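Report on one structure; see the data block that follows.
Here, residue 1 is the first one in the sequence, and each next residue gets the next number. This one's a predicted model, so the numbers in the text were calculated from it and none came from an experiment. All ligand and atom numbering here is 1-based and tracks the order in the structure.
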Amino acid sequence: MDNRSIGIFDSGLGGLTSVCEIIKILPNENIVYFGDTGRVPYGSRSVETIVKYVRQDINFLQSFNVKIIISACGTASSVALPVVKKDYEIELMSVLEPSFIKASKVTINKKIGILGTERTIKSGRCVEILKNIDPEIVTVSKACPMFVPLVENGYVEGSVTSLIVEEYLNVLKQEIVDTIVLACTHFPLLKRAIKNCVGSNMKLIDSGKCVVEHAKDFLKANNMLSDNKGFGKIKYFVSDSCESFINSGKIFLKKDISGCVDQIEIEKY
Ligand code: DGL
């Protein structure tokens, strides 16, 4: 038993898709969330900058003596975790591996689409993970740089969103993939728009959800689940104004989190 909090970070709001899953499947766990809203997006930045940011995100969460840290950001997981992992003793969980394991299990025609930020797709990390799982799987990758700003600004549906989704997903439709991995934690918010474009038979893998299922297995196997009675406490930290996080957070969490959010100076960590 371990009643310390689960630490979780993202460049902004995307990691809240994982927070929703923790609330569902590990409801009594305490959570410390950091959203680097002052420096979002990570996906269009250099590897060096993302590595620096991710080290600061991890250092900040470690100041709460958390028991594990979930990198609920596809970009951080693809380019920074492989570099920084060796420097930390704490279990750092990537949002990517669990979703590709799931995708390899559900695909029937062994053709998998991968959607991510520019940096995630360019890193080639997702393809590498999948090839290690099953070399026969064919992948079709597409960077979707407009998706994060759409989500951050609340454009999760409507005509503008549909047009952009259509533009990005055309190539996956042509290649006849049967499974698509949403390798960015912002993208599950666009699920409905994506389904409208590719049809309801397409299997969409939500990376934010898969990593939480993996975290549950890990905590259980290591006797680290919390034995708190009742719902866990959730504390949110951001590097820009709390107000906009609270407002946009409603879209992800479908509840009011005012009073639970504080702004910090991440450059100090
Ligand atoms: N949620 C991040 C990811 O999963 C968003 C990317 C960004 O900040 O550009 O990649």
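- Protein residues having at least one heavy atom under 4.0 Å from any atom of ligand 1 are D10, S11, V40, P41, Y42, G43, C73, G74, T75, T117, V148, C184, T185, H186, listed by chain and number.
- Under the 3.5 Å distance criterion, with hydrogens and angles disregarded, no donor-acceptor pair is assigned to the side chains of S11 and D36.
- Between K24 and E21, at least one side-chain nitrogen of the basic residue sits less than 4.0 Å from a carboxylate oxygen of the acidic one, meeting the salt-bridge criterion.
- Among residues at least two apart or in separate chains, salt bridge (charged side-chain N to carboxylate O under 4.0 Å, His left out) pairs with a member in residues 243-262 are K235-D262.
- Counting only residues at least two apart or in different chains, salt bridge (charged side-chain N to carboxylate O under 4.0 Å, His left out) contacts with residues 139-158 comprise E157-R192.
- Within the structure, salt bridge (charged side-chain N to carboxylate O under 4.0 Å, His left out) contacts touching residues 200-226 (residues at least two apart or in different chains) are K191-D206.
- At a cut-off of 3.5 Å, with distance as the only test, a side-chain donor of S71 or S77 sits close to an acceptor on the other residue.
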